[in-house]
There are 2 protein chains.
Amino acid sequence: MKQVSIPTLKRLPSYYNIISTAIMDYGEKYISSSKIAKELNIDDTQVRKDIAATGYVGKPKVGFDTFELRLHLEQFLGFNELKEAYLIGAGNLGVALSKFEGFRKFGLDITAMFDNNPEKIGKKIKDKQIYCISEFQDMVRKNNVKFVIITVPATSVNDIIYVVEDSQIKAIWNFSPVNLKVSNDIIVLNQDLATSFVTLVHLLNTN
Amino acid sequence: MKQVSIPTLKRLPSYYNIISTAIMDYGEKYISSSKIAKELNIDDTQVRKDIAATGYVGKPKVGFDTFELRLHLEQFLGFNELKEAYLIGAGNLGVALSKFEGFRKFGLDITAMFDNNPEKIGKKIKDKQIYCISEFQDMVRKNNVKFVIITVPATSVNDIIYVVEDSQIKAIWNFSPVNLKVSNDIIVLNQDLATSFVTLVHLLNTN
DNA sequence: TAGATTGTTAATCGATTAACAATC
DNA sequence: TAGATTGTTAATCGATTAACAATC
């Protein structure tokens with residue numbers, strides 16, 4: 001996959017959404033960088049640079065072919081290939097995430113949940129079964145799962161992190177409010193919700 | 001409040017967590033910038049710069065007084081003053097967020113939830129009542145609430161956003177997968193979970 | 001053709017990192 | 001004092017924005 005910077009990468013899904021809307025709601029064949037930019041309140045040069053970074057080229061005078069670009073971004077961002085993920089921590093947040101239909105569109109499929117609470121184990125959330133954490137490593141190996149989503153409380157992280165570390169898992173999406181550190185070459189994305197809120201409060205207080 | 005850059009602001013809560021741990025678990029009186037930096041895999045100069053930006057000064061040779069700095073960061077980040085917030089959309093994610101105890105520590109207190117589903121209205125999630133969306137504007141005015149958390153599905157955003165816009169709300173924390181645009185001077189933080197996942201996938205594919 | 005839009009080079013801006021003097 | 005650590009200036013790096021030629 002082509003290398004793009006993290007800031008660029010974070011903007012691409014927004015472009016994708018805008019292009020999708022242009023197709024679905026307005027049937028537009030072409031879209032200009034300035035139109036996308038205006039929608040997001042950013043610079044239009046940045047939009048062109050970002051799109052160029054993914055390897056797609058537009059048509060001078062006309063803009064970007066909406067169908068082509070949407071397909072291109074889908075492939076570039078990997079929306080078209082389903083990525084199986086397991087989720088540890090069948091609490092409120094875990095259940096919410098596993099029920100969230102929107103992830104499918106981005107290629108994320110949560111196929112099983114894990115917990116250590118005997119009352120939860122064996123139950124189903126929609127079509128997703130809750131398994132005992134002791135089955136985690138075997139199932140990861142058997143199904144070649146690379147992604148895990150962690151939604152256990154802060155106090156339980158230490159109980160489960162070694163299970164994840166000692167598995168074939170390649171990437172962790174961590175929702176627990178703990179800065180995860182893993183020893184080996186597992187990639188971690190700490191999704192600390194409180195940090196985001198702090199930013200919002202600060203923006204409000206300084207504006 | 002002192003102006004600090006967004007990147008700095010996003011790192012400060014992590015510093016706060018590390019300092020808290022140093023106090024609680026190890027009873028340390030002083031902590032050095034390099035120790036914090038090592039914990040987060042960042043540069044120690046950056047830690048000193050960030051802390052300096054908040055207006056706190058350390059002690060050459062010894063480091064930073066853990067108690068003082070923790071208190072200072074609490075005040076700087078506003079953790080000590082409770083911020084009342086309403087939540088719209090009593091679905092899985094909404095319930096998960098409203099039950100999340102961790103927010104209290106950061107000064108966020110979700111005191112009421114709103115929905116348009118008659119089956120949900122009137123029920124309680126823990127101590128939080130679910131109200132009809134029609135009561136939103138009155139309650140915001142009466143209680144001088146400034147923050148709203150939006151957890152409705154993408155398809156319902158258009159039904160509720162005008163209610164928020166036409167209220168005294170000052171800041172929106174938006175979890176729906178729609179890039180919110182509001183006309184007036186309301187601050188919006190779009191917390192698009194899918195965007196984060198895209199980043200994780202890309203990191204895995206390029207590393 | 002003229003106008004609109006892309007693609008790209010150059011300029012600017014801001015954040016990160018390096019170097020080092022000041023300090024207890 | 002010597003050593004360790006902060007605070008701060010300077011250098012580097014990378015992302016954003018401006019300018020403009022190329023293009024249909």
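As the structure is a computational prediction, the values presented were derived from the model and not from experiment. Residue numbering restarts at 1 for every chain, and letters A, B, ... go by the order of the sequence lines.
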Identify whether any heavy atom of [X] sits under 4.0 Å from a base atom; if not, whether one sits that close to sugar-phosphate; answer base, sugar-phosphate or nothing.
X: B/Ser33; value: sugar-phosphate
X: A/Ser5; value: sugar-phosphate
X: A/Ser34; value: nothing
X: B/Thr45; value: base

Requested in this report: Would you please classify the geometry between the B/Phe114 ring and the B/Phe136 ring as parallel, tilted or perpendicular, with 30° and 60° separating the classes?
Outcome: perpendicular
Report summary line: Comparing nearest nucleotides in DNA chain D, the 5'-proximal residue of the pair A/Pro7, A/Lys59 is A/Pro7
Query raised in the report: Taking for each residue the nucleotide of DNA chain D with the nearest heavy atom, is it A/Ile6 or B/Val57 whose nucleotide lies nearer the 5' end?
Result: B/Val57
Query raised in the report: Between the side chain of A/Asp109 and the main-chain N/O of A/Thr111, is any donor-acceptor distance below 3.5 Å?
Result: no
Please output the side-chain donor-acceptor pairs of residues 57-65 of chain B that fall under 3.5 Å, not counting sequence neighbours, one pair per line with the distance.
| unit_1 | atom_1 | unit_2 | atom_2 | d |
| --- | --- | --- | --- | --- |
| B/Asp65 | OD1 | B/Phe67 | N | 3.1 |
| B/Asp65 | OD1 | B/Glu68 | N | 3.0 |

Query raised in the report: Can you list the residues that meet the ring pair (Phe, Tyr, Trp, His ring centres under 6.0 Å) rule with B/Tyr16, with sequence neighbours excluded?
Result: B/Phe79
Report task. Output every pair passing ring-ring contact (aromatic ring centres under 6.0 Å, His included) with a member in residues 154-184 of chain B, not counting sequence neighbours, ordered by first then second residue. Result -> A/Phe197-B/Trp173, B/Phe103-B/Trp173, B/Trp173-B/Phe175
Query raised in the report: Looking at A/Lys142 and A/Glu135, does any basic side-chain N land under 4.0 Å from a carboxylate oxygen?
Result: no
Requested in this report: Quick one: stems involving DNA chain D, counted as three or more successive Watson-Crick or G-U pairs, both distances short of 3.5 Å.
Outcome: C:3-24 with D:3-24
Hey, can you pull the donor-acceptor pairs under 3.5 Å for the side chains in residues 22-32 of chain A, sequence neighbours left out?
| unit_1 | atom_1 | unit_2 | atom_2 | d |
| --- | --- | --- | --- | --- |
| A/Glu28 | OE1 | A/Lys35 | NZ | 3.2 |
| A/Glu28 | OE2 | A/Lys35 | NZ | 3.1 |
| A/Ser32 | OG | A/Ser34 | OG | 3.1 |
| A/Ser32 | OG | A/Lys35 | N | 3.2 |

Requested in this report: Start with the C-alpha gap between B/Lys105 and B/Glu74, add the side-chain angles, then the distance that decides, and say whether side-chain contact (heavy atoms from CB on, under 4.5 Å) holds.
Outcome: CA-CA 10 Å; B/Lys105 206 175 80 182; B/Glu74 264 171 18; over 6 Å; no
Report task. Could you tell me from which nucleotide to which nucleotide of DNA chain D, 5' to 3', there is an atom under 4.0 Å from chain A heavy atoms? Result -> D/dA15 to D/dC24
